[in-house]
Amino acid sequence: MPLPTVKNLIRPILLLTNRSEVFHNEAKIAHIRYQSSGQSQYLETALGKYESALTSNRSKNRVQRASVLSDYAFALWTQYQRLGQPEDLNKMIVMQEEALELWDDADTMPEGYPLLILMLGNAYLASYRSTRSAVAFGKVFAFYKRVSEGDEDDLRNQALLGMGIALWTRCDLEQTSERLDDAIANLEAVLEFTANKMGYDTMRARCLIHLSSAYRLLVPVEMKPPLRGERLYSLARLLLERYDRTRDVSDLEEVERLALEVHALDVQSEEFYDSIVELQQAVHHRRGARQKRKCPN
């Protein structure tokens, strides 16, 4: 969630008479400082200031309260990602739900409205992973779907990524293949969207991690050789790209293993075997480059 700069926030504080607004701006400044420094005291200050902003709010302006709740919830999400405390996640969800209700009644849609819905999807996905609640999963999908139907490409693809992650995660946790194809289709759409685009490395890397995991669920041992070979090859290509981004040697080793497995399958296609040979050559080339980096002389 993009935040304004500290410089842009400090000067307006001098002009504010509403104590809630003062606390709100001070909280945003502290949160920015945490994001840039990683020092936990700034995040603790932000959370304290957001709490003060809520308790000192005497305004009947529902949009203003919703804005404080939304920003406070985002700081709690940051805290949850850092510490993994369920109470932070639950408090965040309660605040976001209230903010959404307040904004739904507003005459005009606030700027942060679609992002709030996306964050609710993220929060309920985290809740589903820990509780396996069918209610939580239903909300995950409902919130992501709302954002995926919007006009903003960036948010829409973040929602598609979230839906893909949610669907394959359910398949993994509940040992089912229901809608696994949909999960892969969503993740592949995000992979296509991020191809050759500047500024989307993080989204693409995250997509690769989850798409490779989804492909693993899609390739049962009893699958017939032609289809199994195609799926294993697709997984190997994803892992090779992931290796190029992370330099995790375990991915390279897995690509090599998959290439050998596919090569051993009875797939009667010369073109397909040529692709496997190219894959093996790519692994060999990267191993050589890795060895040169280790021994430059």
Side-chain angles (χ1 to χ4, degrees), residues 1-106 108-128 130 136 139-140 142-144 146-147 155 158-159 162:
M1 180 179 182
L3 293 171
T5 64
V6 173
K7 182 179 178 182
N8 290 340
L9 285 170
I10 290 176
R11 187 175 300 168
I13 289 178
L14 302 176
L15 305 177
L16 298 176
T17 56
N18 184 313
R19 285 177 58 81
S20 178
E21 290 183 60
V22 172
F23 286 132
H24 188 187
N25 276 270
E26 289 176 343
K28 287 192 282 187
I29 291 170
H31 196 181
I32 293 168
R33 286 177 172 155
Y34 169 75
Q35 290 182 313
S36 62
S37 70
Q39 296 181 31
S40 59
Q41 66 265 30
Y42 287 125
L43 182 56
E44 292 166 6
T45 297
L47 292 170
K49 294 289 185 181
Y50 279 128
E51 186 65 32
S52 297
L54 280 183
T55 56
S56 63
N57 189 311
R58 298 293 181 265
S59 172
K60 294 183 180 180
N61 187 328
R62 295 163 66 85
V63 174
Q64 180 185 338
R65 178 173 175 81
S67 178
V68 175
L69 286 166
S70 177
D71 290 342
Y72 192 172
F74 181 53
L76 283 168
W77 176 249
T78 305
Q79 175 88 326
Y80 174 73
Q81 289 181 307
R82 188 171 73 93
L83 300 177
Q85 298 294 332
E87 55 267 27
D88 288 330
L89 180 63
N90 294 335
K91 187 175 181 179
M92 170 196 175
I93 289 173
V94 169
M95 288 185 172
Q96 286 182 315
E97 291 276 18
E98 182 183 348
L100 185 63
E101 183 180 347
L102 292 169
W103 273 347
D104 279 342
D105 292 338
T108 57
M109 182 183 292
E111 184 179 351
Y113 184 83
L115 188 56
L116 174 65
I117 298 173
L118 181 70
M119 289 295 296
L120 267 166
N122 293 343
Y124 275 113
L125 177 56
S127 177
Y128 169 72
S130 62
K139 292 198 173 188
V140 170
F143 285 123
Y144 280 147
R146 285 175 66 177
V147 181
L155 289 179
Q158 287 188 55

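The structure presented is a predicted model; accordingly, all values stated were derived computationally and were not measured. Numbers here simply count residues along the sequence, with the first being 1.
If you take CZ on Arg65 and NE2 on His24, they are separated by 12.0 Å, rounding to the nearest 0.5 Å. The structure places CZ of Arg62 at 11.0 Å from CG of Leu69, a figure rounded to the nearest 0.5 Å. Ser130 contributes atom OG, which lies 10.0 Å from atom CG of Leu125 (distance to the nearest 0.5 angstrom). Put simply, OG on Ser67 and CG on Leu102 are 11.0 Å apart, with the number rounded to the nearest 0.5 Å. Annotation: the span from Tyr42 atom OH to Ile29 atom CD1 amounts to 11.5 Å, rounded to 0.5 Å. Rounding to the nearest 0.5 angstrom, the gap separating the CZ atom in Arg19 from the OG1 atom in Thr55 is 9.0 Å.
Taking every heavy atom of both residues into account, Ala123 and Ile93 meet most closely at CB-CG1, 3.7 Å. Between Leu116 and Ser70, the closest heavy-atom pair is CD1-OG, 4.0 Å. Of all the heavy atoms in Lys91 and Leu76, the pair that sits closest is CG-CD1, 3.8 Å. Residue Val68 comes nearest to Ala53 through the heavy atom pair CG1-CB, 3.9 Å, listed as atom of the first residue, atom of the second, then distance. Looking at every heavy atom in both residues, Ser127 comes nearest to Leu89 through N-CD2, 3.7 Å. Contact detail for Lys139 and Glu97: the closest heavy-atom pair is NZ-OE2, 3.5 Å.
Counting only heavy atoms from C-beta outward, the side chains of Gln158 and Val147 never approach each other to under 4.5 Å. With a 4.5 Å cut-off on side-chain heavy atoms, Asp88 and Trp77 do not count as touching. In this structure the side chain of Gln79 never reaches within 4.5 angstrom of the side chain of Met92, judged on heavy atoms. Annotation: side chain of Asn122 is in contact with side chain of Tyr144 (closest heavy-atom distance under 4.5 Å). Between Ser52 and Glu26, the closest side-chain pair of non-hydrogen atoms is not below 4.5 Å.
A donor atom on one side chain and an acceptor atom on the other are found under 3.5 Å apart for Tyr72 and Glu51.
For Glu87, the CD atom is densely surrounded, since the number of other residues' heavy atoms within 6.0 Å is greater than 12.
Under the 30°/60° scheme for interplanar angles, the aromatic rings of Tyr124 and Phe143 are found to lie parallel. Using a 30° and 60° split on the angle between ring planes, Tyr50 and His31 fall in the perpendicular class, above 60°.
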Q.
Assess the residue pair Leu118 and Arg146 against the criterion (side chain to side chain contact (heavy atoms under 4.5 Å, CB included)); give the C-alpha distance rounded to whole Å, side-chain angles, the decisive distance to 0.1 Å, and a yes or no.
A. CA-CA 8 Å; Leu118 181 70; Arg146 285 175 66 177; over 6 Å; no
Q: Using the side chain to side chain donor-acceptor pair (under 3.5 Å) rule, take Tyr34 and Glu44 through it: C-alpha gap first, then chi angles, then the decisive distance, then the call.
A: CA-CA 9 Å; Tyr34 169 75; Glu44 292 166 6; over 6 Å; no
